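Down below is the structure, laid out as structure tokens.
What you are looking at is a predicted structure, and each value in this text was computed from that prediction instead of being measured. Side-chain atoms are counted along with the backbone in the values below, which use heavy atoms only and exclude waters and symmetry mates.
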Amino acid sequence: AKKHGRNRYYWFEHQMEHELRFRSQLEAGIRRGLHEDEFEPYYEQQIDVATGELVGFEMLARWNSPQLGIVNPDVFIPIAEELGVIGELSEQLIRKALDHAKEWDEDLTLSVNISPVQLRDPWFAQRLLKLMVEANFPANRLDVEITETCLHENIGLVRSLVSSLKNQGVTVSLDDFGTGYSSLAQLRSLPFDRIKIDRSFVSNLPEDQEGMKIVEAITSLGDGFGLPITAEGIENEQVLAKLRGLGNFKGQGYLYGRPEPADLIRTRLRKLDRL
Ligand code: C2E
Ligand code: CA
Ligand code: CA
Ligand code: CA
């Protein structure tokens, strides 16, 4: 038994060493990627569910790594946050996205995701404004998505940030709604423009009874507070039909399309004559 235990110990040690090495390679890769400009905005369509009309795009970060290929944000965003480079990474992406979105029809909006770490930067709103001015991009076409879990942070900080953004003319959406634990009082006290229902409640409708209840509850909450709603994770026609029955939504999901790089979006828009 002793021998067995020792072998296992060696195995764990080996495994951990392996993981640590992979982790530090990722860290080095991300730093290099920032320097080499390897981060690329992808775009997901946002649709008016009632009419099927395109209303804008959500920018989703991708890392075009020479070693790993296209890497999803769930892998590199948390590491970039820990390394303290998320602000820089985000600015690199937003700068590119504003340049892309500037070419689209002026009624199409651009949504960007902001990390809770960035919200702690007292100059965040200023920096964003600077990017918009440099790109000559109108603030009223930009939407900033803040996740519900941000509200666990200093609520005063979030409140002043949201009002600075709104003073600039940017809209602010509460992302991943339903997964955090924000109170109704918080929801009412912050001047959000929209809430986004997390895809975990949407993508298995109508079979998912619990999801259905939650979507209905959030819908009436939105009605009560006068907050329009976006539903994420619309993967098929059944989900779409169910949502249409509940009210007016903006929607996103694989039914409409996967996130795509700027050149594919441009082709799509040219066909729609909205470039
Ligand atoms: P999110 O903001 O909830 O973005 C939606 C995610 O759901 C995207 O994953 C998108 O590809 C995926 N998705 C869209 N439609 C469907 C669908 O019908 N079914 C399913 N199963 N999934 C769908 P992605 O691109 O991997 O992004 C993951 C998360 O990473 C995002 O979740 C967002 O929180 C974060 N993220 C992305 N870009 C950025 C960024 O630039 N900055 C920060 N801080 N976070 C980002
Ligand atoms: Ca989002
Ligand atoms: Ca989500
Ligand atoms: Ca046009």
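- In this view, S115 and E81, I86, V117, Q118 satisfy the side-chain contact (heavy atoms from CB on, under 4.5 Å) rule, not counting sequence neighbours.
- Every residue was checked against the salt bridge (charged side-chain N to carboxylate O under 4.0 Å, His left out) condition with K250, not counting sequence neighbours, and none meets it.
- Pairs of residues two or more places apart, or lying in two chains, never qualify as ring-ring contact (aromatic ring centres under 6.0 Å, His included) while including a residue from residues 210-247.
- With salt bridges taken as basic N to acidic carboxylate O contacts below 4.0 Å, one links D99 and K102.
- Residues L161 and V172 form no side-chain contact, since every pair of their non-hydrogen atoms from C-beta on lies 4.5 Å or further apart.
- Sorted by first then second residue, the ring-ring contact (aromatic ring centres under 6.0 Å, His included) pairs that include residues 244-275, not counting sequence neighbours, number zero.
- Following chains of ILVMFWY side-chain contacts shorter than 4.5 Å, one can reach L34 starting from I114, so the two form part of one hydrophobic cluster.
- At a threshold of 4.5 Å between non-hydrogen side-chain atoms, the residues I195 and E148 do not count as touching.
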Check the pair V239, V202 against side chain to side chain contact (heavy atoms under 4.5 Å, CB included), reporting the backbone distance first and the verdict last.
CA-CA 7 Å; V239 176; V202 177; 3.6 Å; yes

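- Listed by chain and number, the residues in a salt bridge (charged side-chain N to carboxylate O under 4.0 Å, His left out) with E260 are R268 (sequence neighbours excluded).
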All N/O donor-acceptor pairs, side-chain side in residues 209-224, below 3.5 Å, sequence neighbours left out:
residue : atom : partner : partner atom : Å
T219    : OG1  : V215    : O            : 2.6
S220    : OG   : A217    : O            : 3.1

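- Cluster annotation: V75 and L89 are assigned to the same hydrophobic cluster (Ile/Leu/Val/Met/Phe/Trp/Tyr, side-chain heavy-atom contacts under 4.5 Å, transitive).
- For E44 against P259, the heavy-atom pair with the smallest separation is OE1-CG, 4.0 Å.
- A side chain to side chain donor-acceptor pair (under 3.5 Å) check over residues 14-28, counting only residues at least two apart or in different chains, returns the pairs E17-R21, R23-E27, R23-E82.
- Looking at residues two or more places apart in sequence or on another chain, you find a salt bridge (charged side-chain N to carboxylate O under 4.0 Å, His left out) between K166 and D193.
- Side-chain contact between F57 and Q45 is present, with heavy atoms from C-beta onward closer than 4.5 Å.
- Annotation for T147 and P116: closest pair OG1-CG, 4.5 Å, computed over non-hydrogen atoms.
- Looking at R266 and E103, their side chains never come closer than 4.5 Å, going by heavy atoms from C-beta outward.
- With sequence neighbours excluded, the residues that form a salt bridge (charged side-chain N to carboxylate O under 4.0 Å, His left out) with R120 are E153.
- Side-chain contact check for L151 versus L174: some heavy-atom pair is nearer than 4.5 Å.
- Not a single donor-acceptor pair under 3.5 Å links the side chain of N72 to the backbone N or O of D74.
- Heavy atoms of other residues, nucleotides or ligands lying less than 6.0 angstrom from NZ of K96 number more than 12.
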For residues 128-145, which side-chain donor-acceptor pairs fall under 3.5 Å, sequence neighbours excluded?
residue : atom : partner : partner atom : Å
K130    : NZ   : E134    : OE2          : 3.1
R141    : NE   : E106    : O            : 3.4
R141    : NE   : L108    : O            : 2.9
R141    : NH2  : A101    : O            : 2.9
R141    : NH2  : D105    : O            : 3.3
R141    : NH2  : L108    : O            : 3.0
D143    : OD1  : T171    : OG1          : 2.8
D143    : OD1  : S173    : OG           : 3.0
D143    : OD2  : S111    : OG           : 3.1
D143    : OD2  : S173    : OG           : 3.0
E145    : OE1  : K196    : NZ           : 3.2
E145    : OE2  : K196    : NZ           : 2.7

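- Sorted by first and then second residue, the pairs that involve residues 20-53 and meet ring-ring contact (aromatic ring centres under 6.0 Å, His included), not counting sequence neighbours, are F39-W63, F39-F76, Y43-H100, Y43-W104.
- Residues A97 and P41 approach most closely at N-CG, 4.2 Å, considering heavy atoms.
- Here the side chains of L227 and L187 are in contact, with some heavy-atom distance below 4.5 Å.
- Taking the side chain as every heavy atom from C-beta outward, P228 and N248 never approach each other to under 4.5 Å.
- Under the side-chain contact (heavy atoms from CB on, under 4.5 Å) criterion, S163 pairs with no residue at all, not counting sequence neighbours.
- Cluster membership for L68 and L20, using ILVMFWY side-chain heavy atoms within less than 4.5 angstrom, is not shared.
- With hydrogens and angles disregarded, no donor-acceptor distance shorter than 3.5 Å links the side chain of S203 to the backbone of S200.
- For the pair T179/F201, a side-chain contact is recorded, criterion being any heavy-atom separation below 4.5 Å from C-beta on.
- With 3.5 Å as the limit, one finds no donor-acceptor pair spanning the side chains of E232 and Q252.
- In this structure, R270 contributes its side chain and L275 its backbone to no donor-acceptor pair below 3.5 Å.
- Between S189 and R159 the shortest heavy-atom distance is OG-NH2, 3.1 Å.
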